[in-house]
Amino acid sequence: MKAGIVGLPNVGKSTLFNCLSNAKAQSANFPFCTIEPNIGVVNVPDLRLEKLEELVNPEKVLPATVEIVDIAGLVKGASKGEGLGNQFLGNIRETDAILHVLRCFDNDNIVHVDGSIDPIRDKETIDIELQLKDLETVEKRLEKVKRAARTGDKAAQKEEAALITVKEGLETGTSVRAIELTDSVREEFIDMLQLITDKPVLYVCNVDEDAAASGNDYVDLVKKAIANEDAEIIVLAVGMEADINELETYEERQMFLEDMGLKEPGSNKLIRSAYKLLSLQTYFTAGVKEVRAWTIPVGSTAPQAAGVIHTDFEKGFIRAEVIKYDDFVNYGSETKVREAGKLGVEGKEYIVQDGDVMHFRFNV
Ligand SMILES: Nc1nc2c(ncn2[C@@H]2O[C@H](COP(=O)(O)OP(=O)(O)OP(=O)(O)O)[C@@H](O)[C@H]2O)c(=O)[nH]1
Ligand SMILES: [Mg+2]
């Protein structure tokens, strides 16, 4: 999974990047601090993986990962070449989700490019720039398709109609994800354009330390504004989280969190929300060589899940041996689960459940 961070300049995007990833991005109190995109890999935190490690004692443990891309801030007019952000929007075209950072904290010392704190206005500014960027993509495609449509090409005519619907939606300020299109039209003509406003979005309200646990008035406004959007929202004190991430030991970090009235680091919360937003879940493989977490869409069949490891596993799928995570932990080992008759043997139709410990049989 890959996620791109967007927002106005100086709202805390690179600070968020730093609290998620171990790669360090430069963050500073001036707009357009970031020019070249920062790319980092974040391990998906999962306590179950640690438990499996304890039980299996493998040579190595591989958590699921998420790739994060932090780009320059966007400003009004970005799509017309204002600021820096627009030229980097291409870097988030290939992501699966957008993390939209909104400044929800007061602080006269931290410059706001539009002079005041107003997350709703900021959100609109960004939405419009992203929509204009998509409009550019759609218009380019439309030019090509129009020619083919004029020659009587039926598929081109269908595509032309779809593109015109999207174009008109974007022109009236609607993000592509909210434009009414049938699933088949989306699949056939729209998905391949990788439009930015078609991607699922997670709003990250960046608040002060004292609002980390319970939010503030700005957050309430954002919640209201996005009530009709099919989006996720989380509240994070991004600056504080980045400080916590700097601490050396797990114990130190835990103590800091407790002092702030928080149970876990914001990065956990964020990744959980992103999984929910994208309807993703985790299954495990647990051998002595390697214990590993894999990411799959909710509803995946056993062969599809196997395909994430290797396409041969999917093509040559015979069956899957499945242990429920709780059984693995309660019985303590694969052998004991087997002896207790709790190991499931599943075929091609099996729908993998979150936390399943899987072993695939296949031939190539
Ligand atoms: N008080 C406070 N300051 C913050 C918070 N988050 C970020 N900052 C500060 O805001 C400034 C800008 O943060 P960055 O993360 O560099 O912002 P950015 O969105 O990446 O900015 P550009 O790269 O310029 O687009 C830095 O000085 C941060 O320390 C926060 O939650 N609270
Ligand atoms: Mg930055």
Side-chain angles (χ1 to χ4, degrees), residues 3-40 42 68-79 81-92 95 98-119 121-123 125-127 129-130 133 201-219 222 233-246 256-257 259-262 265-267 269-270:
I5 306 177
V6 301
L8 289 178
N10 222 32
V11 295
K13 298 183 300 299
S14 296
T15 312
L16 174 68
F17 178 88
N18 287 342
C19 85
L20 292 171
S21 99
N22 292 324
K24 282 284 161 267
Q26 196 189 352
S27 101
N29 183 15
F30 57 83
F32 301 118
C33 167
T34 303
I35 300 176
E36 290 299 324
N38 300 301
I39 299 175
V42 184
I68 306 276
V69 186
D70 166 40
I71 61 169
L74 300 168
V75 287
K76 200 174 286 162
S79 53
E82 285 288 327
L84 290 167
N86 190 49
Q87 60 196 94
F88 297 107
L89 279 174
N91 292 84
I92 55 170
T95 61
I98 299 294
L99 309 176
H100 186 154
V101 181
L102 293 167
R103 174 164 170 181
C104 294
F105 64 90
D106 292 307
N107 187 324
D108 293 340
N109 295 322
I110 309 278
V111 184
H112 189 296
V113 283
D114 289 323
S116 60
I117 309 304
D118 184 347
R121 173 203 60 202
D122 294 356
K123 170 183 149 17
T125 303
I126 298 296
D127 282 347
E129 290 312 313
L130 298 178
K133 180 72 186 173
V201 59
L202 168 61
Y203 293 100
V204 180
C205 294
N206 186 9
V207 299
D208 266 337
E209 304 187 4
D210 34 330
S214 51
N216 60 24
D217 292 349
Y218 295 128
V219 174
V222 175
I233 176 172
I234 61 165
V235 178
L236 283 188
V238 170
M240 179 193 75
E241 294 281 352
D243 290 344
I244 296 176
N245 201 26
E246 293 281 315
F256 198 139
L257 284 169
D259 280 347
M260 301 313 304
L262 302 170
S267 53
K269 215 161 89 177
L270 186 135

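Counting starts at 1 for both ligands and their atoms, following the listed order.
The closest donor-acceptor contact from the side chain of N216 to the backbone of C104 lies under 3.5 Å. Put simply, the side chain of D208 never gets that close to the backbone of A211: no donor and acceptor are under 3.5 Å apart. A distance-only check finds a donor-acceptor pair linking the side chain of E241 to the backbone of G266 [under 3.5 Å]. No side-chain donor-acceptor contact under 3.5 Å links R103 to the backbone of C205. In this structure, K123 contributes its side chain and D118 its backbone to no donor-acceptor pair below 3.5 Å.
When non-hydrogen atoms are compared, ligand 1 lies under 4.0 Å from the backbone of P31 (N, CA, C, O) but not from its side chain. Proximity of F17 to ligand 1, defined as any heavy-atom pair under 4.0 Å, is not found for any part of the residue. Proximity of N18 to ligand 1, defined as any heavy-atom pair under 4.0 Å, is not found for any part of the residue. At a heavy-atom cutoff of 4.0 Å, ligand 1 is contacted by the side chain of I110 but not by its backbone.
Across the listed options V113, N107, N38, N107 owns the non-hydrogen atom lying nearest to atom 1 (N) of ligand 1.
In terms of protein heavy-atom proximity, atom 22 (P) of ligand 1 is closest to N10 N, 3.6 Å. In this structure, the protein non-hydrogen atom closest to atom 23 (O) of ligand 1 is T34 OG1, 2.7 Å. At the top of the distance list for atom 18 (P) of ligand 1, counting protein heavy atoms only, stands K13 N, 3.5 Å. Ranking protein heavy atoms by distance to atom 31 (O) of ligand 1, first place goes to N206 OD1, 2.8 Å. Counting protein heavy atoms only, atom 17 (O) of ligand 1 is closest to G12 N, 3.2 Å. Atom 4 (C) of ligand 1 has as its closest protein heavy atom F105 CZ, 3.7 Å. The protein non-hydrogen atom at the shortest distance from atom 13 (O) of ligand 1 is T15 OG1, 3.5 Å.
Where the criterion is an N or O separation shorter than 3.5 Å, residue side chain and backbone included, A72 fails it with respect to ligand 1. Not one N or O of A237 is nearer than 3.5 Å to an N or O of ligand 1, by distance alone. Where the criterion is an N or O separation shorter than 3.5 Å, residue side chain and backbone included, M240 fails it with respect to ligand 1.
Proximity to F30 (heavy-atom distance under 4.0 Å) selects the following atoms of ligand 1: 24 (O). Atoms of ligand 1 lying under 4.0 Å from any heavy atom of P9, numbered from 1 in the order shown and given with element: 21 (O), 25 (O). Each of the following atoms of ligand 1 lies closer than 4.0 Å to a heavy atom of G73: 25 (O). Per-residue contacts place S27 under 4.0 angstrom from the following atoms of ligand 1 (heavy atoms of the residue considered): 14 (P), 15 (O), 16 (O).
At least one heavy atom of V207 sits less than 4.0 Å from an atom of ligand 1. In this structure, G7 falls outside the shell of residues with a heavy atom less than 4.0 angstrom from ligand 1.
Under 2.8 Å from the Mg ion (ligand 2) lies an N/O/S atom of S14, whether from backbone or side chain.
Under the side chain to side chain contact (heavy atoms under 4.5 Å, CB included) test applied with D70, the options L99, I39, I5 reduce to a single match, I5.
To the nearest 0.5 Å, the span separating CG on N10 from SG on C33 amounts to 8.0 Å. Summarising the geometry, atom SG belonging to C19 is positioned 9.5 Å from atom CE belonging to M240; distances are rounded to the nearest 0.5 Å. Here the straight-line distance linking atom CG of L8 with atom NE2 of H100 works out to 7.0 Å at 0.5 Å rounding. With values rounded to the nearest 0.5 angstrom, L16 atom CG is found 11.0 Å from S27 atom OG.
Contact detail for I92 and G4: the closest heavy-atom pair is CG2-CA, 3.8 Å.
Between H112 and D122, the side chains place a donor N or O and an acceptor N or O closer than 3.5 Å (distance only, hydrogens not considered). The closest side-chain donor-acceptor pair between Y218 and D106 falls under 3.5 angstrom.
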